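Inspection log for the structure reproduced underneath, given as structure tokens.
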Amino acid sequence: MNASLDEKLRNVKWGEYKLGDLFEITPSKYYRLDNEDIISDTGNTPVISNTSANNGVMGFSDLKALNSGNSISCSDTTLGAETMFYQKTDYIGYQHIQSFIPRFSPFDQAIACFIISAAHVAASNDRYDYGHKFNRESIRKIKVYLPQTDTGKIDFDFMESFIAELEAERVATLSSYLKASGFDDCELTEEEEKAIDGYEKVNFRNYYLTDIFNVKNTSNVLSRDVAENSGDVPYLCASTENNSVSSYISFDEKYIEKGNCIFIGGKTFSVSYQEKDFYSNDSHNLALYLRDSVAATKKKQLYLAACIYKSLAHKYSWGDSVSNGKIQTDKLSLPAKDGKPDYESMETLISAVQKLVIKDVVRHTDRRLDAGKILFNRSQKRI
């Protein structure tokens, strides 16, 4: 954070507020149906689950939304405030999701982001697990510090101004990084263009997952036994945030798992590619190693990780989690050529998608830089 923003935080007046006083916190409404009956490829209603990534969105549904937007959602499981997200539109809940309806006004995305950040700080002082969950009662008691006006009221104008300036700073930094790294010029090769244009014609075939991968349970390094940020080896958990990395630690090397594999968080079915050796926090987690060692490149495995999630995520949930035994009979849908997985086409497509995404990011940063300047100027006028 630059000196100007840091100075603003130091000079502002702060007040203490309970989340339960700021919001009406109640269980979100959800459909008592299987995942495959809720999630749809054509849906546009967000389904909010216990994940700590992708704004909590597990997928989209054709079913009617049951919860109001312009609110905050949060899982009442073991991840603490990591699953608190602003929901702009109406949505469908999931088991263990709490809905936060503000008792105050104004309320918008910027104010929600400020309060969520404050809640992250407040909740970080406690460790949540199965015996001490981040449930509705504990959420209500969380005390957050928010800026106040001279009259003792919450300073919403300061919050909006600060978030607008912070976003403009972050977007400008990202834009500079992309240009300095050469990512602002991502032209597709002829082969990559063909991979994109012809994707609808790709021949897919089902394969038993265990014909493609060797599957093993990971070691079990408990969080209470490690010191956060004590080393440089990734420490993985079942979160879909930050590629499942919760910290970097130093620990007994006999518990290290080999990298260059696909990692599955057993409780949440988070799927990620792990390039480096790592420690795992739970023996329910799985490490998948390609049987074809020649095909074990990063881009190919990024594609495979997406196929695993797409093929199996609908099948597993918090109450019916994946296991080494269950996955033995699961099948994946993969591009095929001459009856075998077409690993080369997977790598080409990932390369093309990577370039297209980066190109979109560059365009987005340019648009946000312009929009950020407008929002910041507007917010300054209200202060």
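Only a predicted model underlies this, so the values are computations on that prediction, with no experimental measurement involved.
Scanning all heavy atoms of the two residues, the minimum distance from P106 to I111 falls at O-CD1, 3.5 Å. The shortest non-hydrogen separation linking I256 to D277 is CG2-CB, 3.6 Å. Listed here is the closest heavy atom pair of V271 and Y309: CG2-CD1, 4.0 Å. When all heavy atoms of G259 and Y289 are compared, the pair lying nearest together is O-CE2, 3.7 Å. Between C74 and I139 the shortest heavy-atom distance is SG-CD1, 4.2 Å. Taking all atoms of both residues into account, the shortest heavy-atom contact from Y273 to N260 is OH-OD1, 2.8 Å.
Within the structure, salt bridge (Lys or Arg N to Asp or Glu O under 4.0 Å) pairs that include any residue of residues 313-340 comprise K315-D330, D320-K326 (at least two apart or interchain).
Within 6.0 Å of atom OH in Y208, 12 or fewer heavy atoms from other residues, nucleotides or ligands are found, so the atom counts as exposed in its surroundings. Within a 6.0 Å sphere centred on CD of Q328, heavy atoms belonging to other residues, nucleotides or ligands number more than 12. Heavy-atom contacts from other residues, nucleotides or ligands closer than 6.0 Å to CG of D232 number 12 or fewer. Around NE2 of H284, the count of heavy atoms belonging to other residues, nucleotides or ligands within 6.0 Å does not exceed 12. Heavy-atom contacts from other residues, nucleotides or ligands closer than 6.0 Å to OH of Y17 number more than 12. The number of heavy-atom neighbours closer than 6.0 Å to CD of E36, taken from other residues, nucleotides and ligands shown, is above 12. Within 6.0 Å of CG on N11 lie more than 12 heavy atoms contributed by other residues, nucleotides or ligands.
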Given S71 and Q87, is the side chain to side chain donor-acceptor pair (under 3.5 Å) satisfied, shown in steps? CA-CA 5 Å; S71 61; Q87 301 302 333; over 6 Å; no
S247 and N229: CA distance, side-chain angles, deciding distance, side chain to side chain donor-acceptor pair (under 3.5 Å) verdict: CA-CA 6 Å; S247 180; N229 302 317; 3.3 Å; yes
Worked verdict on K298 versus E275 for side chain to side chain contact (heavy atoms under 4.5 Å, CB included): CA-CA 7 Å; K298 180 178 181 178; E275 187 171 13; 3.9 Å; yes
Between T42 and D62, does the side chain to side chain contact (heavy atoms under 4.5 Å, CB included) criterion hold? Intermediate values first, please. CA-CA 7 Å; T42 60; D62 292 318; 3.1 Å; yes
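Contact of the I350 side chain with the K300 side chain is not registered, since no non-hydrogen atoms from C-beta on lie closer than 4.5 Å. Counting only heavy atoms from C-beta outward, the side chains of L146 and E16 never approach each other to under 4.5 Å. Here the side chains of V47 and S61 are in contact, with some heavy-atom distance below 4.5 Å. At least one side-chain heavy atom of S219 sits less than 4.5 Å from a side-chain heavy atom of E257. In this structure, S272 and S244 have side chains that are in contact, with non-hydrogen atoms separated by less than 4.5 Å. In this structure, V121 and Y145 have side chains that are not in contact, with every pair of non-hydrogen atoms separated by 4.5 Å or more. For the pair T45/F60, no side-chain contact is recorded, criterion being any heavy-atom separation below 4.5 Å from C-beta on. A 4.5 Å side-chain heavy-atom check between F100 and T26 finds every atom pair outside the cut-off.
Note on E192 versus K355: salt bridge recorded, some NZ/NE/NH1/NH2 to OD/OE distance being below 4.0 Å. Of the charged side-chain nitrogens involved, at least one lies within less than 4.0 Å of a carboxylate oxygen, so that E137 and R140 count as a salt-bridged pair. A salt bridge is absent between D150 and K13; no separation between the charged side-chain nitrogens and carboxylate oxygens falls under 4.0 Å. For the pair R32 and D37, the salt-bridge criterion is not met [side-chain N within less than 4.0 Å of a carboxylate O]. A salt bridge does not link E347 with K299: none of the charged nitrogens is closer than 4.0 Å to a carboxylate oxygen.
Separation of the F278 and F263 ring centroids falls under the 6.0 Å cut-off. Taking the six-membered ring for Trp and the full ring otherwise, the centers of F156 and F104 sit less than 6.0 Å from each other. Here Y316 and F269 bring their ring centres to under 6.0 angstrom of each other.
A donor-acceptor pair shorter than 3.5 Å cannot be found between the side chains of Q148 and D155. Looking at D90 and S68, their side chains never bring a donor and an acceptor atom within 3.5 Å of each other. Side chains of N220 and S280: a donor-acceptor N/O pair is absent below 3.5 angstrom, by distance only. Between the side chains of N35 and Y94, a donor-acceptor pair is found at a separation under 3.5 Å. Judged purely by distance below 3.5 Å, without hydrogens or angles, the side chains of N70 and Y86 pair a donor atom with an acceptor atom. Side-chain contact annotation: H96 with N50, donor-acceptor N/O pair under 3.5 Å absent. Checked by atom type, the side-chain pair S28/Q98 shows no donor-acceptor distance below 3.5 Å.
No option in L304, I308, T210, I212 other than I308 meets the side-chain contact (heavy atoms from CB on, under 4.5 Å) test with L288. Looking at N285, V245, N281 one by one, the single match for side-chain contact (heavy atoms from CB on, under 4.5 Å) with L236 turns out to be V245.
In this structure, F162 is a member of the same hydrophobic cluster as I154, with clusters built from ILVMFWY side-chain heavy atoms closer than 4.5 Å. Using a 4.5 Å cut-off between side-chain heavy atoms of Ile, Leu, Val, Met, Phe, Trp and Tyr, with links allowed through other members, I101 and L19 fall into different hydrophobic clusters.
Between the OH atom of Y207 and the CG atom of L332 there is a distance of 10.5 Å, given to the nearest 0.5 Å. Atom CZ in F85 sits 10.5 Å away from atom SG in C113 (nearest 0.5 Å). Rounded to the nearest 0.5 angstrom, L209 CG and L312 CG are separated by 6.5 Å. Interatomic distance, K194 NZ to K201 NZ, rounded to the nearest 0.5 Å: 12.5 Å. With rounding to the nearest 0.5 Å, the separation of CD1 in I25 from CZ in R103 is 8.0 Å. Taking SG from C307 and CD from Q301, the interatomic distance works out to 12.0 Å, rounded to the nearest 0.5 Å.
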